[in-house]
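Have a look at the structure below, then the notes.
Please read all numbers here as calculations on a predicted model, not as lab measurements.
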Amino acid sequence: MAKDQYRSLATDYHWYFDDVALFLGSDTPGVRAAMSSLEPGARVLDAACGIGVDATALLRRGFSVDASDASTEMVAATRQRLQAAGADGANVITSTWADLRTNFEPERFDAIFCIGNSIAHAPDTEAAIVAFEAFRSILAPGGMLVLDTHDWELVHNMGSRVEIEPNIVERNGTHCVRTYSWHVPEAFGDPHVLEIAPIFVNADRATVRSYPVTMWPFTRAELKRRLGAAGFASIAVDAIPGDERYTATARRPKSDHP
């Protein structure tokens, strides 16, 4: 993940979660189901923690939570959110995915969550496999990897467009209209840019801020091949037809030998 894309967004990203989502974390059914499948006290890593919404939700569910992100600013926001939730000692680090194996001991985690479309920041197959191999090395045998992502084929087919969230978020007298602009190239394999553009309305003034984020699309079949190449098994996709997002899960085999 390129941290410079998130340096400024860290300040405003909370506006893209309503108050329920800020408390409960991801609303993707597949992610919620994966969380529910874990035992209380399970050792969990949020490997793309952003501002800490899902790390905090995992903590509230009774898990032992570590968190990482490539963006120093996002890591700082996560620390603040976890501290506000009473987890002053939570381990939150700045790390690329490739470097996770140097920051955590092997087989540490029962589950790794890499959600919020984060894996699309891997620019190609090689980078994705390197990330998945790092995840696998710090998962316990039988441990679960959870990926939440856009259905990129659907996103691409819909083309460039502007989307506006129907609900306005209000906090401390400021109202935020949440907009997205998709900049979709002709070729599927070329980078897709999502411009996150909140509009803030306070009294009679409106202010727009823009945060372009670059992502590299992949098909479901490509994702499964990359996971398999990194040594994962039991790869499954939980998708709702026509939904713009889906959840993929995979397991580190209980034995590395046939």
*Step by step, would you call Thr125 with Arg226 a side-chain hydrogen bond (donor to acceptor under 3.5 Å, both in side chains)?*
CA-CA 7 Å; Thr125 295; Arg226 293 170 180 180; 3.2 Å; yes

*Are Asn157 and Phe188 close enough, and set up right, to give a side chain to side chain contact (heavy atoms under 4.5 Å, CB included), and what steps lead you there?*
CA-CA 9 Å; Asn157 289 339; Phe188 178 80; over 6 Å; no

*asked:* Let's go through Phe109 and Val65 carefully: what are the C-alpha distance in whole Å and the side-chain angles of both, what is the deciding distance for side chain to side chain contact (heavy atoms under 4.5 Å, CB included) to 0.1 Å, and is it a yes or a no?
replied: CA-CA 9 Å; Phe109 296 105; Val65 179; over 6 Å; no

*Stepwise salt bridge (charged side-chain N to carboxylate O under 4.0 Å, His left out) test for Asp66 and Arg108*: CA-CA 10 Å; Asp66 290 62; Arg108 174 182 176 91; 3.3 Å; yes

*Please lay out, stage by stage, how Phe200 and Trp15 fare under the test ring pair (Phe, Tyr, Trp, His ring centres under 6.0 Å).*
CA-CA 10 Å; Phe200 298 99; Trp15 289 101; 5.4 Å; yes

*Check step by step if salt bridge (charged side-chain N to carboxylate O under 4.0 Å, His left out) holds for Glu163 and Arg161.*
CA-CA 7 Å; Glu163 297 178 348; Arg161 62 197 183 278; 2.8 Å; yes

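Under the 4.0 Å criterion applied to side-chain N and carboxylate O atoms, Asp151 and Arg245 are not assigned as salt-bridge partners.
The closest side-chain heavy-atom distance from Asp110 to Phe63 is not below 4.5 Å. You'll find the side chain of Cys49 stays beyond 4.5 Å of the side chain of Phe113, heavy atoms only. Here the side chains of Tyr211 and Pro198 are in contact, with some heavy-atom distance below 4.5 Å. Within the 4.5 Å cutoff, the side chain of Trp182 has heavy atoms near those of the Val155 side chain. Side-chain contact between Leu100 and Leu45 is present, with heavy atoms from C-beta onward closer than 4.5 Å. For the pair Glu165 and Val177, the minimum side-chain heavy-atom distance is 4.5 Å or more. At least one side-chain heavy atom of Asn167 sits less than 4.5 Å from a side-chain heavy atom of Arg178. Looking only at side-chain heavy atoms (C-beta outward), Thr179 and Ile199 come within less than 4.5 Å of each other.
A side-chain donor from one of His192 and His156 sits under 3.5 Å from a side-chain acceptor of the other. Looking at Thr174 and Asn202, their side chains do bring a donor and an acceptor atom within 3.5 Å of each other. In summary, the side chains of Asp99 and Thr102 do not present any donor paired with an acceptor at a separation below 3.5 Å, with no hydrogens or angles considered. A donor and an acceptor atom, one from each side chain of Glu153 and Thr219, are nowhere located under 3.5 Å apart. For the residue pair Thr247/Asp238, the side-chain donor-acceptor check at 3.5 Å is not satisfied. At a cut-off of 3.5 Å, with distance as the only test, a side-chain donor of His14 or Arg171 sits close to an acceptor on the other residue.
Residues Tyr180 and Tyr16 place their aromatic rings such that the two centres sit under 6.0 Å apart.
Checking side-chain atoms of Ser160 against main-chain N and O of Val184 turns up a donor-acceptor pair under 3.5 Å. A donor-acceptor pair is defined here as one N or O able to donate and one able to accept, closer than 3.5 Å; no such pair exists between the side chain of Ser64 and the backbone of Arg43.
Of all heavy-atom pairs between Asp69 and Ala48, the closest is OD2-C, 3.5 Å. Of all heavy-atom pairs between Arg81 and Ile51, the closest is NE-O, 3.0 Å. Between Ile240 and Pro29, the closest heavy-atom pair is CD1-CG, 4.5 Å. Nearest heavy atom pair, residue Phe218 against residue Ala120, reads CE2-CA, 3.9 Å. For the residue pair Phe135 and Ala47, the shortest heavy atom distance occurs at CE2-CB, 3.8 Å. Taking every heavy atom of both residues into account, Phe232 and Leu139 meet most closely at CE2-CD1, 3.7 Å.
In this structure, Leu227 CG and Ile235 CD1 are separated by 5.0 Å, a value rounded to the nearest 0.5 Å. Taking OG1 of Thr28 as the reference point, atom CG of Asp54 lies at 8.5 Å (rounded to 0.5 Å). In this structure, the separation between CG on Asp124 and CD on Glu222 is 11.0 Å, given to the nearest 0.5 Å. Here CG of Leu82 is found 10.5 Å from CG of Asn91. Values are rounded to the nearest 0.5 Å. Going from atom NE2 of His121 over to atom CH2 of Trp216 covers 8.5 Å, rounded to the nearest 0.5 Å. Taken from OG in Ser137 to CZ in Arg101, the straight-line distance is 4.5 Å, to the nearest 0.5 Å.
Cluster note: Phe23 groups with Val20, Leu24 through ILVMFWY side-chain heavy atoms spaced under 4.5 Å, whether in direct contact or through intervening members.
Heavy atoms of other residues, nucleotides or ligands lying less than 6.0 angstrom from CD of Glu126 number 12 at most. Atom OH of Tyr13 is surrounded by 12 or fewer heavy atoms from other residues, nucleotides or ligands within 6.0 Å. The environment of Glu105 atom CD is dense: over 12 non-hydrogen atoms of other residues, nucleotides or ligands sit within 6.0 angstrom.
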